[in-house]
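The structure displayed is predicted, hence computed values, not measured ones.
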Amino acid sequence: MNFPLLQETYPVSDEAKAFYLENRFIKLKNVLSPEVIAHFNEVISKEVDKLNTQKAPVEERDTYGKAFLQIFNLWRENEKVAKLVLSKRLGQIAADLMGCEKVRIYHDQALFKEAGGGITPWHADQYYWPIDTDRTITAWIPLQETPLEMGALEFSAKSHQIVFGRELAIGDESEVQIKKNLRINNFDHVIEPFDLGEVSFHSGWIFHRAGANQTDQVRKVMTIIYMDAKSKLKNPENSNQINDWNTWCPGAEIGKEIDTPLNPIVK
């Protein structure tokens, strides 16, 4: 099924660009239509069911395992999902917000927080990424209306300004240490539900988290990570960045543009 909306421009206002530049996150309404969301809810849910290997009950997992089921690079598995991930509409928003001409795909991931699933601890995504620029951004796309009790994404506005916590992998320690430091620095903690069709965009260095899923429904979210098309591979700073290099941009060379078949430019 084709959706012309995915190739249509979304108007990103100057006010929206300024808000993102200052806060490093933004929530935009009516990015996707109910019909588009319903379609990709069905398609992505089937792929997650097919590819999920997590068999342990939620209560038997660690904090990270309780946070969500995580399935990567669905655009490579399913041509229908690729139409969303490589869509001009979402890529254009990412480029407009970051102020770059074009963006590449870093990777995508479905994040399904099961009924009774735990918190997603405070963290900054770019701890994991061997990318030489802060022009990175994640589109967080709920596949249903998402009230707070379902585990909506939360942001610490302007927290990209601080370095403390960037060295922490997501987990119990990051939740405790980053929360404490954000309170000390008095950053605004933004906790809001997501309307159907609303999509958030956040930079790689903004600190964010999500609450537990206290409902009896799965919180289904698709995420797409973009980077400036001119981004280069940096010398990895931790084992997670080495793993990301080998997994999401194999063949890329340190100091050179990340231009591999897994990292196409969104057109």
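Every residue meeting the side-chain contact (heavy atoms from CB on, under 4.5 Å) condition with Asp195, not counting sequence neighbours, appears here in chain and number order: Lys29, Glu198. For Phe72, the ring pair (Phe, Tyr, Trp, His ring centres under 6.0 Å) criterion is met by His107, Trp248, not counting sequence neighbours. Remark: Glu173 engages no residue in a salt bridge (charged side-chain N to carboxylate O under 4.0 Å, His left out) (not counting sequence neighbours). Considering only residues two or more places apart in sequence or on other chains, Trp75 meets the ring pair (Phe, Tyr, Trp, His ring centres under 6.0 Å) condition with none of them. For Lys230, there are no salt bridge (charged side-chain N to carboxylate O under 4.0 Å, His left out) partners at least two apart in sequence or on another chain. Annotation: ring pair (Phe, Tyr, Trp, His ring centres under 6.0 Å) contacts of Phe155 (sequence neighbours excluded): Phe25, His202. Partners of Pro57 by side-chain contact (heavy atoms from CB on, under 4.5 Å), not counting sequence neighbours, listed by chain and number: Glu59, Glu60.
At most 12 heavy atoms of other shown residues, nucleotides or ligands fall within 6.0 angstrom of atom NZ in Lys102. Residue Gln161 places its CD atom among more than 12 non-hydrogen atoms of other residues, nucleotides or ligands, all under 6.0 Å distant. More than 12 heavy atoms of other residues, nucleotides or ligands sit less than 6.0 Å from atom NZ of Lys17.
Here the shortest heavy-atom pairing between Pro236 and Pro130 reads CG-CB, 4.5 Å. Shortest non-hydrogen contact noted between Asn78 and Glu47 is ND2-OE2, 3.1 Å. Between Asn23 and Ala157 the shortest heavy-atom distance is OD1-CB, 3.5 Å. The nearest pair of heavy atoms linking Ile225 to Gln109 is CD1-NE2, 4.1 Å. Here the closest heavy-atom approach between residue Arg89 and residue Val31 is recorded as NE-O, 2.7 Å. Residues Val85 and Met222 share a closest heavy-atom pair of CG2-CE, 3.9 Å.
Val176 and Tyr127 fall into different hydrophobic clusters, where Ile, Leu, Val, Met, Phe, Trp and Tyr residues are linked whenever their side-chain heavy atoms come under 4.5 Å apart, directly or through other members. Under the 4.5 Å side-chain contact rule for hydrophobic residues, Leu262 and Leu233 do not share a cluster. In terms of hydrophobic clustering, with Ile, Leu, Val, Met, Phe, Trp and Tyr side chains grouped at heavy-atom distances under 4.5 Å, Tyr226 and Leu6 are assigned to a common cluster.
Centroid-to-centroid, the aromatic rings of Phe201 and Trp140 stay 6.0 Å apart or farther.
Cluster partners of Trp122 are Ile162, Leu168, Ile178, Leu182, Phe187, Phe207, counting Ile, Leu, Val, Met, Phe, Trp and Tyr whose side-chain heavy atoms approach within less than 4.5 Å, directly or via other members. Side-chain heavy-atom separations under 4.5 angstrom define the hydrophobic clusters, and Trp205 shares its cluster with no other residue.
Checking Tyr106 against Asn263 by side-chain atom types alone, no donor-acceptor pair falls below 3.5 Å.
Looking at Trp245, its side chain does come within 3.5 Å of a backbone N or O of Ala252 through a donor-acceptor pair. Although no hydrogens or angles enter the test, the distance criterion places no donor-acceptor pair under 3.5 Å between the side chain of Asn185 and the main chain of Ser159.
Using a cut-off of 4.0 Å between Lys/Arg side-chain N and Asp/Glu carboxylate O, Glu175 and Lys179 are scored as salt-bridged.
Pairs engaging residues 28-48 under the ring-ring contact (aromatic ring centres under 6.0 Å, His included) rule: Phe3-His39 [sequence neighbours left out]. Note on residues 78-103: no pairs pass ring-ring contact (aromatic ring centres under 6.0 Å, His included), not counting sequence neighbours. Annotation: salt bridge (Lys or Arg N to Asp or Glu O under 4.0 Å) contacts involving residues 132-159, sequence neighbours excluded, comprise Glu22-Lys158, Arg135-Asp228, Glu154-Arg209.
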Intermediate values then yes/no, salt bridge (charged side-chain N to carboxylate O under 4.0 Å, His left out), Asp259 and Arg104: CA-CA 9 Å; Asp259 180 12; Arg104 292 185 185 276; 3.4 Å; yes

Stepwise side-chain hydrogen bond (donor to acceptor under 3.5 Å, both in side chains) test for Ser87 and Gln7: CA-CA 6 Å; Ser87 68; Gln7 299 307 314; 5.7 Å; no

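Side-chain atoms of Ile131 and Thr133, non-hydrogen and from C-beta on, do get closer than 4.5 Å to each other. Contact of the Met150 side chain with the Lys113 side chain is not registered, since no non-hydrogen atoms from C-beta on lie closer than 4.5 Å. Taking the side chain as every heavy atom from C-beta outward, Leu196 and Ile37 approach each other to under 4.5 Å.
Atoms CG and CD1, on Asp49 and Ile44 in that order, are 12.0 Å from each other to the nearest 0.5 Å.
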